[in-house]
Amino acid sequence: MKIAIVTGASSGLGEEYVRCLAEGYDDIEAIWVIARREDRLNKLKETYPQKTILPIPMDLTLNESYAAFRELLETEKPEVRVLVNNAGFG
C-alpha cells in the first residue's frame, strides 16, 4: 500500500498538508494522520471520504509513541511515498 504520513495533522499546516495530499495525489492510497487530538483526526477522515485516512492518535513527545508507531509500520509494511514531519511545539 502506498501511503503518506502527516504528523501534526489535526490543525494548521498539518491539516493543509492532508488536504493537498487528499486532493492532489492520486497515487497515494492512504494517508496516515498523526496527532494528539483524536476527534480532529476523525474529522479529517469525514472531510476526505475519497481517500483512506487512518487516524493515529498519539503524542510524539512520548517515547512509547515511537514504539507503537514502529510496530504499526512493521505490521502493515506500507510503502511510504510522502512523509510530512509537521509535529512540534514552540
Side-chain angles (χ1 to χ4, degrees):
M1 174 187 314
K2 296 175 185 173
I3 70 163
I5 299 171
V6 180
T7 68
S10 64
S11 64
L13 279 174
E15 187 175 9
E16 186 64 17
Y17 285 123
V18 172
R19 183 190 66 75
C20 290
L21 288 163
E23 295 176 357
Y25 283 78
D26 293 333
D27 63 329
I28 298 293
E29 297 172 65
I31 304 170
W32 292 11
V33 292
I34 302 172
R36 291 174 293 154
R37 294 175 272 190
E38 186 173 9
D39 59 325
R40 290 189 181 192
L41 296 178
N42 287 326
K43 184 172 170 117
L44 288 172
K45 188 174 181 176
E46 295 168 9
T47 302
Y48 305 105
Q50 76 277 19
K51 278 291 186 197
T52 300
I53 302 219
L54 177 64
I56 304 171
M58 63 175 50
D59 184 346
L60 293 176
T61 65
L62 304 174
N63 287 335
E64 57 266 21
S65 294
Y66 291 98
F69 190 64
R70 182 181 312 112
E71 186 175 313
L72 180 61
L73 288 169
E74 290 172 355
T75 300
E76 296 297 321
K77 297 184 182 1
E79 180 182 338
V80 180
R81 300 294 300 245
V82 176
L83 171 63
V84 179
N85 190 15
N86 183 62
F89 68 95

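Since this is a predicted model, take the numbers as computed values, not measurements. This chain uses plain numbering: 1 for the first residue, then up along the sequence.
Checked against salt bridge (charged side-chain N to carboxylate O under 4.0 Å, His left out), Arg19 has the following partners two or more places apart in sequence or in another chain: Glu16, Glu23. Not a single salt bridge (charged side-chain N to carboxylate O under 4.0 Å, His left out) links Glu76 to another residue, sequence neighbours left out.
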Checklist entry - For Val33 and Tyr48, what are the C-alpha separation, side-chain angles and deciding distance, and is it a side chain to side chain contact (heavy atoms under 4.5 Å, CB included)? => result CA-CA 12 Å; Val33 292; Tyr48 305 105; over 6 Å; no

Next on the checklist: As a quick check of understanding, evaluate side chain to side chain contact (heavy atoms under 4.5 Å, CB included) for Trp32 and Leu73, giving each step before the final call.
Outcome noted: CA-CA 11 Å; Trp32 292 11; Leu73 288 169; 3.7 Å; yes

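Here the straight-line distance linking atom CZ of Arg81 with atom CD1 of Ile31 works out to 13.5 Å at 0.5 Å rounding. Taking CD1 of Ile5 as the reference point, atom CD1 of Ile28 lies at 10.0 Å (rounded to 0.5 Å). Here the CG atom belonging to Asp26 is positioned 9.5 Å from the CD atom belonging to Gln50, to the nearest 0.5 angstrom. Here Thr52 contributes atom OG1 and Glu29 contributes atom CD; the two are 8.5 Å apart, rounded to the nearest 0.5 Å. Considering CG of Asp27 and CD of Glu79, their distance stands at 9.0 Å, rounded to 0.5 Å.
Linking ILVMFWY side-chain heavy atoms closer than 4.5 Å, directly or via other members, places Leu83 and Met1 in a single hydrophobic cluster. Under the 4.5 Å side-chain heavy-atom criterion for grouping Ile, Leu, Val, Met, Phe, Trp and Tyr, Leu44 is connected to Val82 within one hydrophobic cluster. Note: the hydrophobic cluster containing Met58 does not contain Val84 (ILVMFWY, side chain heavy atoms under 4.5 Å, direct or indirect links). Ile3 and Ile53 are not part of a single hydrophobic cluster, where members link through side-chain heavy atoms under 4.5 Å apart.
In this structure, Lys51 contributes its side chain and Val18 its backbone to no donor-acceptor pair below 3.5 Å. Although no hydrogens or angles enter the test, the distance criterion places a donor-acceptor pair under 3.5 Å between the side chain of Tyr66 and the main chain of Leu60.
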Donor-acceptor list for residues 34-42 side chains, cut-off 3.5 Å, not counting sequence neighbours:
unit_1: Arg37; atom_1: NH2; unit_2: Ser10; atom_2: OG; d: 3.4
unit_1: Arg37; atom_1: NH2; unit_2: Ser11; atom_2: OG; d: 3.4
unit_1: Asn42; atom_1: ND2; unit_2: Glu38; atom_2: O; d: 3.3

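The two residues Asn86 and Gly8 make their nearest non-hydrogen contact at ND2-O, 3.2 Å.
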